Amino acid sequence: QVQLVESGGGLVQAGGSLRLSCAASGRTFSSYAMGWFRQAPGKQREFVAAISWSGGSTDYADFVNGRFAISRDNAKKTVYLQMNSLKPEDTAVYYCAARPGGYIIRNQGGYDYWGQGTQVTVSS
């Protein structure tokens, strides 16, 4: 069992930066692949980024285009999403998710554990 708590969201102007954190509980965090997803108002939840159990592999949605960076600290049981050059269209609730097995995928159906989400609002 893994419990996830996101933090770091907020209101930022276009072009600004935010760093999201996702703190996990449970003894086996290091064996999970982790992902970030987001859901904008009126839209379906979509994949943003994922990182393998070791941090050696990462994957990003095309819209990220080099602006975001996912990382993890297994000793702290925390995964991060550094978001730079934010745009108004990045406004959404951002969720972290954990997938047992350690390998990254984009399909949110493959993630067993989800946080409650943190709101990111980017003003123009």
Side-chain angles (χ1 to χ4, degrees):
Q1 187 80 8
V2 175
Q3 293 184 326
L4 305 171
V5 179
E6 302 96 334
S7 62
L11 174 64
V12 64
Q13 289 188 331
S17 299
L18 284 174
R19 188 175 83 154
L20 306 184
S21 298
C22 174
S25 65
R27 296 180 298 171
T28 57
F29 173 77
S30 61
S31 67
Y32 285 80
M34 300 296 295
W36 284 97
F37 295 80
R38 71 183 188 183
Q39 187 168 20
K43 296 186 177 181
Q44 294 199 350
R45 190 160 57 187
E46 63 180 350
F47 170 77
V48 177
I51 188 166
S52 63
W53 68 274
S54 66
S57 296
T58 58
D59 186 26
Y60 297 92
D62 291 345
F63 63 78
V64 169
N65 199 23
R67 300 181 297 128
F68 298 175
I70 188 170
S71 62
R72 67 190 294 162
D73 185 334
N74 285 343
K76 295 182 178 180
K77 297 183 180 179
T78 301
V79 63
Y80 305 97
L81 185 67
Q82 177 67 43
M83 304 188 296
N84 301 322
S85 302
L86 283 162
K87 306 175 181 179
E89 51 263 44
D90 293 318
T91 295
V93 177
Y94 283 71
Y95 299 89
C96 71
R99 177 176 184 275
Y103 297 98
I104 54 178
I105 61 173
R106 296 188 174 194
N107 184 350
Q108 53 190 294
Y111 290 80
D112 288 1
Y113 304 103
W114 292 81
Q116 293 300 306
T118 185
Q119 176 70 48
V120 171
T121 303
V122 184
S123 63
S124 57

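Model, not experiment: these values are computed from the prediction.
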Least distance between heavy atoms, [X] atom then [Y] atom:
X: Val2; Y: Ala98; value: CG1-CB, 4.5 Å
X: Phe47; Y: Ile105; value: CE1-O, 4.0 Å
X: Asp73; Y: Phe29; value: O-CE2, 4.1 Å
X: Ala14; Y: Pro88; value: CB-CD, 4.1 Å
X: Phe63; Y: Arg67; value: O-NH2, 3.2 Å
X: Leu4; Y: Ala24; value: CD2-CB, 3.6 Å

Do Arg99's NZ or CZ and the ring of Trp53 fall within the cation-pi criteria of under 6.0 Å and 45°?
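Not satisfied by the 6.0 Å and 45° rule.
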Using only atom types and a distance under 3.5 Å, with no angle test, would you say the side chain of [X] pairs donor to acceptor with the backbone of [Y]?
X: Ser25; Y: Gln3; result: yes
X: Ser85; Y: Gly15; result: no
X: Thr121; Y: Leu11; result: no

Enter the distance from [X]:[atom1] to [Y]:[atom2] here, rounded to the nearest 0.5 Å.
X: Asp59; Y: Ile104; atom1: CG; atom2: CD1; result: 5.0 Å
X: Asp90; Y: Phe68; atom1: CG; atom2: CZ; result: 4.0 Å
X: Asp112; Y: Gln1; atom1: CG; atom2: CD; result: 9.5 Å
X: Glu46; Y: Arg38; atom1: CD; atom2: CZ; result: 4.5 Å
X: Ser57; Y: Tyr103; atom1: OG; atom2: OH; result: 9.0 Å
X: Tyr94; Y: Gln119; atom1: OH; atom2: CD; result: 9.5 Å

So [Y] and [X], do their side chains get closer than 4.5 Å, heavy atoms only?
X: Leu20; Y: Trp36; value: yes
X: Tyr60; Y: Asn65; value: no
X: Thr78; Y: Arg72; value: no
X: Leu81; Y: Val48; value: yes
X: Tyr111; Y: Met34; value: no

Do Val64 and Leu18 sit in one hydrophobic cluster, given that two such residues count as connected whenever their side-chain heavy atoms are within less than 4.5 Å of each other, even indirectly?
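Yes, one cluster joins them.
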Tyr80 reachable from Leu86 in the ILVMFWY side-chain graph, under 4.5 Å edges:
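Cluster IDs for Leu86 and Tyr80 differ.
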State yes or no: are the ring centers of Phe37 and Tyr95 separated by less than 6.0 Å?
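Judged by ring-centre distance (under 6.0 Å), Phe37 and Tyr95 do not meet the cut-off.
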Any donor-acceptor N or O pair under 3.5 Å, side chains Asn84, Ser17
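Yes, side-chain donor-acceptor contact under 3.5 Å.
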Go through it in stages, so that I can follow the logic: the residues are Thr91 and Val120, the test is side-chain contact (heavy atoms from CB on, under 4.5 Å), and I'd like the CA-CA distance, side-chain angles, deciding distance and then a yes or no.
CA-CA 5 Å; Thr91 295; Val120 171; 5.9 Å; no
